[in-house]
2 protein chains.
Amino acid sequence: MTEQISGFVPHDHHHCITSALDTAADQCRERGVQFTPVRKRVLEILLEAHTAMGAYDVLARLDAEGLGSKPPVAYRALSFLVEQGFAHRIEKLNAFVACSHPAATHSPAFMICRSCNTVAEADMPETFGAPAEQAGFTIEKTVIEAEGICQNCKDSE
Amino acid sequence: MTEQISGFVPHDHHHCITSALDTAADQCRERGVQFTPVRKRVLEILLEAHTAMGAYDVLARLDAEGLGSKPPVAYRALSFLVEQGFAHRIEKLNAFVACSHPAATHSPAFMICRSCNTVAEADMPETFGAPAEQAGFTIEKTVIEAEGICQNCKDSE
DNA sequence: AAGGCAGTGTTATAGTATAACAAGTGCGCA
DNA sequence: TGCGCACTTGTTATACTATAACACTGCCTT
């Protein structure tokens with residue numbers, strides 16, 4: 001399955017955008033949370049960008065569309081999306097990216113190309129199992145990010 | 001070996017500070033880079049704190065001692081320490097922590113206790129091996145951080 | 001109608017980080 | 001000796017990232 005790591009392979013953006021939006025809307029309905037216009041639009045912006053965006057980049061888009069011009073508007077929507085698992089925060093970049101497989105609950109891992117800035121998501125369960133157990137440490141959230149260079153960029157050097 | 005994950009166990013701070021400073025000094029000599037007073041003092045501050053510190057916390061200490069009062073002074077020293085592997089940046093906290101085993105070249109992983117803020121370092125090689133290879137992605141740096149609660153804090157709840 | 005809750009709008013400010021340039025220091029070499 | 005070079009530090013200014021706090025709205029409930 002190359003599906004698992006979709007970041008670096010070309011694919012049908014339009015389809016993955018509408019399908020991700022639909023999934024998100026469904027999950028919001030199931031969970032009894034609101035998929036408001038701002039929240040939906042922010043997710044859409046992230047999906048369209050198809051890469052990690054800073055909160056202020058997102059905000060600039062919102063502003064251009066009259067959906068909000070002040071930082072909290074963007075940060076609130078982004079926080080919501082991250083809480084619901086529709087987007088992820090990339091700590092290393094202080095940026096946000098739409099989730100590649102919003103249906104699954106996962107602890108995601110990211111590969112960040114320093115050349116083209118693409119962010120690919122992979123599932124990496126169990127990473128901390130052994131050392132954490134050894135230390136009696138109970139894990140609640142993990143951040144797993146790798147910076148490097150992707151095949152495409154490597155090829156064109 | 002509990003040595004491997006030393007963050008949460010009590011130990012001789014004075015010894016680990018002087019020994020880490022000596023190691024750093026040795027490595028600087030070997031590598032032909034300068035272990036200047038500011039750099040040394042910043043490492044010492046991190047070692048004394050024995051937890052992650054923000055750049056501005058470090059800067060406040062430097063300022064109190066007349067070693068520098070402007071952000072770039074702290075950031076430069078911290079960047080140097082991170083480059084040389086004497087300290088690590090914790091992305092999730094926007095903070096820095098002294099390296100627990102400065103002699104080894106490693107790709108470190110951290111466990112961050114959200115209760116006592118202790119940061120424990122473990123070595124976690126190979127984390128990204130399979131998915132990265134699969135995607136043709138060449139890894140240059142990794143960020144691996146887990147947030148949770150440590151045994152001590154769990155016990156005292 | 002009254003009260004509560006979730007979301008949004010806005011002001012203001014806190015916290016994190018770096019670009020750019022000036023100036024000092026040590027060192028090798030003409 | 002004195003020049004130039006590499007490196008580090010000092011400083012100003014500013015950019016980028018993030019959140020606290022409070023006002024307002026709409027909607028649902030009692």
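Naming convention: chains lettered A, B, ... in sequence-line order (proteins, then strands); numbering from 1 in each chain.
Taking each heavy atom of Phe96(B) and Ala55(B) in turn, the nearest pair found is CE1-CB, 4.1 Å. The minimum heavy-atom distance between Leu59(A) and Gly68(A), with the atom names listed, is CD1-O, 3.8 Å. The nearest pair of heavy atoms linking Phe35(A) to Ala24(A) is CZ-CB, 3.8 Å. The nearest pair of heavy atoms linking Val38(B) to Ala77(B) is CG1-CB, 4.2 Å.
If you take CG of Leu59(B) and C1' of dG10(D), they are 12 Å apart, rounded to a whole angstrom. Between the CZ atom of Phe80(A) and the P atom of dG7(C) there is a distance of 7 Å, rounded to whole Å. Summarising the geometry, the separation between CD on Glu83(A) and C1' on dG7(C) is reported as 13 Å, rounded to the nearest angstrom. The CG atom of Asp63(B) sits 10 Å away from the P atom of dT11(D) (whole-angstrom rounding). Nucleotide dT17(D) holds its P atom 12 Å from the CE atom of Met53(A), rounded to whole Å. Between the CD atom of Gln84(B) and the P atom of dC7(D) there is a distance of 13 Å, given to the nearest Å. Straight-line distance from the NZ atom of Lys70(B) to the C1' atom of dT12(D): 8 Å, rounded to whole Å.
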Taking distance alone, no hydrogens or angles, what donor-acceptor pairs closer than 3.5 Å link side-chain atoms of residues 85-95 of chain B to residues at least two apart or in another chain?
from	atom 1	to	atom 2	distance (Å)
His88(B)	NE2	His106(B)	NE2	3.3
His88(B)	NE2	Glu121(B)	OE2	3.2
Arg89(B)	NE	Glu91(B)	OE1	3.3
Arg89(B)	NE	Glu91(B)	OE2	3.4
Arg89(B)	NH2	Asn94(B)	OD1	3.1

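Applying the salt bridge (Lys or Arg N to Asp or Glu O under 4.0 Å) definition to pairs two or more places apart or across chains, those involving residues 34-45 of chain B are Arg41(B)-Glu44(B), Arg41(B)-Glu48(B), Arg41(B)-Glu65(B).
A heavy-atom distance below 4.0 Å to DNA chain C is reached by these residues of residues 36-47 of chain A, ordered by number: Thr36(A), Val38(A), Arg39(A).
By the 6.0 Å contact criterion, NZ on Lys141(B) is open, its count of non-hydrogen atoms from other residues, nucleotides or ligands being 12 or less.
Within 4.0 Å of Leu67(A), counting heavy atoms only, lie sugar-phosphate atoms of the nucleic acid but no base atom.
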Query raised in the report: Would Leu62(B) and Val42(B) satisfy side chain to side chain contact (heavy atoms under 4.5 Å, CB included), going step by step from the backbone distance to the final call?
Result: CA-CA 8 Å; Leu62(B) 290 179; Val42(B) 169; 3.8 Å; yes

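Atoms CD1 and CD1, on Ile112(A) and Ile149(A) in that order, are 13.5 Å from each other to the nearest 0.5 Å. Here the CZ atom belonging to Phe80(B) is positioned 9.5 Å from the CG atom belonging to Leu43(B), to the nearest 0.5 angstrom.
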Polar pairs (N or O, both sides) under 3.5 Å between protein and nucleotides 28-30 of chain D?
none

**Report entry** B/S/- contact track for nucleotides 16-25 of chain C, protein heavy atom under 4.0 Å
**Finding:** BBBBB-----

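Shown here are the side-chain contact (heavy atoms from CB on, under 4.5 Å) partners of Ala49(A), two or more places apart in sequence or in another chain: Thr51(A), Met53(A).
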